[in-house]
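Scroll down for the structure; my scribbles are underneath it.
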Amino acid sequence: SQQGEEDPQALSIQEGENATMNCSYKTSINNLQWYRQNSGRGLVHLILIRSNEREKHSGRLRVTLDTSKKSSSLLITASRAADTASYFCATDAGNAGNMLTFGGGTRLMVKP
Amino acid sequence: DGGITQSPKYLFRKEGQNVTLSCEQNLNHDAMYWYRQDPGQGLRLIYYSQIVNDFQKGDIAEGYSVSREKKESFPLTVTSAQKNPTAFYLCASSSGALVYTFGSGTRLTVV
């Protein structure tokens, strides 16, 4: 089952611009995570934000979480061509098995 | 270095043939997972295992089988009952912190 839905599905920007991706989910969560996938590779964990946190930073990444709206956003500042990848949100709803549920992803292209 | 290894990187299957994808981790993680990813799509859960000798079906288990005889290993068999197996398969593992570590994937193609 797919709980998270990313928006937009695809995003194309110029190097140096900021990229914003959004994730909406349906049920209460314990935490929300963002992962990155380069083409043809596995996913790599970027950042985790807990349900009692509203904002978190890691380098050029900024994640916000609004539990009242059941939504999160990932902002990549001063983007680089190397940021070109797909980005997925994943939610931990504390369900049976304590598994993550992944969204469909946003495909980001950063043009040099 | 600790990590999770999937092999082979590319696999070709003939019609009616069973194939097994390997997934090995040395992270001492209890939980392991198999996902299927179709082009331009998200991840769909096939099977997961929280502990050795136990595993559970995910959302799309039909046509697949797994075993978990060792903590380090969680092989996935794609059986002939899976009518559309061409996809990218990802294995992952996690500890109690629930941050997943992924392998680099196996691309399976039916020929």
Side-chain angles (χ1 to χ4, degrees), chain A residues 1-12 21-26 29-51 56 58 63 84-109, chain B residues 2-11 21 23-25 27 29-51 54-61 68 87-109:
Chain A
S1 57
Q2 192 162 296
Q3 149 128 280
E5 294 290 340
E6 283 92 340
D7 170 56
Q9 291 188 335
L11 179 62
S12 181
M21 289 158 269
N22 302 297
C23 170
S24 60
Y25 57 91
K26 297 173 184 172
I29 60 170
N30 292 331
N31 67 65
L32 184 143
Q33 303 178 37
W34 285 90
Y35 287 78
R36 165 192 168 129
Q37 182 183 33
N38 286 359
S39 181
R41 304 298 301 272
L43 279 69
V44 175
H45 179 258
L46 294 176
I47 196 165
L48 179 153
I49 186 165
R50 300 190 189 285
S51 60
K56 203 160 183 181
S58 177
V63 170
T84 294
S86 292
Y87 293 82
F88 294 88
C89 68
T91 53
D92 164 21
N95 52 9
N98 281 330
M99 292 181 299
L100 294 181
T101 304
F102 289 84
T106 291
R107 295 183 296 281
L108 173 66
M109 176 175 288
Chain B
I4 184 166
T5 302
Q6 289 186 243
S7 62
K9 188 174 178 64
Y10 299 97
L11 186 58
L21 285 59
C23 179
E24 303 275 336
Q25 55 101 357
L27 300 165
H29 285 172
D30 286 316
M32 298 187 74
Y33 314 84
W34 274 106
Y35 288 91
R36 170 179 171 143
Q37 187 178 34
D38 291 287
Q41 302 297 314
L43 279 64
R44 291 188 289 168
L45 182 65
I46 305 173
Y47 269 99
Y48 66 99
S49 169
Q50 300 279 312
I51 196 168
D54 186 52
F55 49 83
Q56 305 295 329
K57 293 182 179 179
D59 299 319
I60 57 164
R68 185 86 186 277
F88 189 54
Y89 290 87
L90 286 163
C91 179
S93 67
S94 72
S95 66
L98 211 58
V99 171
Y100 285 16
T101 300
F102 281 84
S104 56
T106 292
R107 188 167 301 281
L108 174 63
T109 304

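So you know, we letter chains A, B, ... as the sequences are listed, proteins then strands, and number each from 1.
- Considering A:Ile49, A:Ile47, A:Leu43, A:Leu48 in turn, A:Leu48 is the only one that fulfils the side chain to side chain contact (heavy atoms under 4.5 Å, CB included) rule with A:Gln33.
- Heavy-atom distances place the side chain of B:Gln37, and not its backbone, under 4.5 Å from chain A.
- Expressed to the nearest 0.5 Å, how far OH of B:Tyr33 lies from SG of B:Cys23 amounts to 12.0 Å.
- Contact tally against chain A (heavy-atom pairs below 4.5 Å) for B:Gly40, B:Ser104, B:Gly105: the top residue is B:Ser104.
- Heavy atoms of A:Gln9 lying under 4.5 Å from chain B are absent altogether.
- From B:Phe88, atom CZ reaches atom CD of A:Gln37 across 6.0 Å, with rounding to the nearest 0.5 Å.
- Only the side chain of B:Leu45 comes within contact range of chain A, with heavy atoms under 4.5 Å apart.
- Annotation: the span from A:Ile29 atom CD1 to A:Arg50 atom CZ amounts to 11.5 Å, rounded to 0.5 Å.
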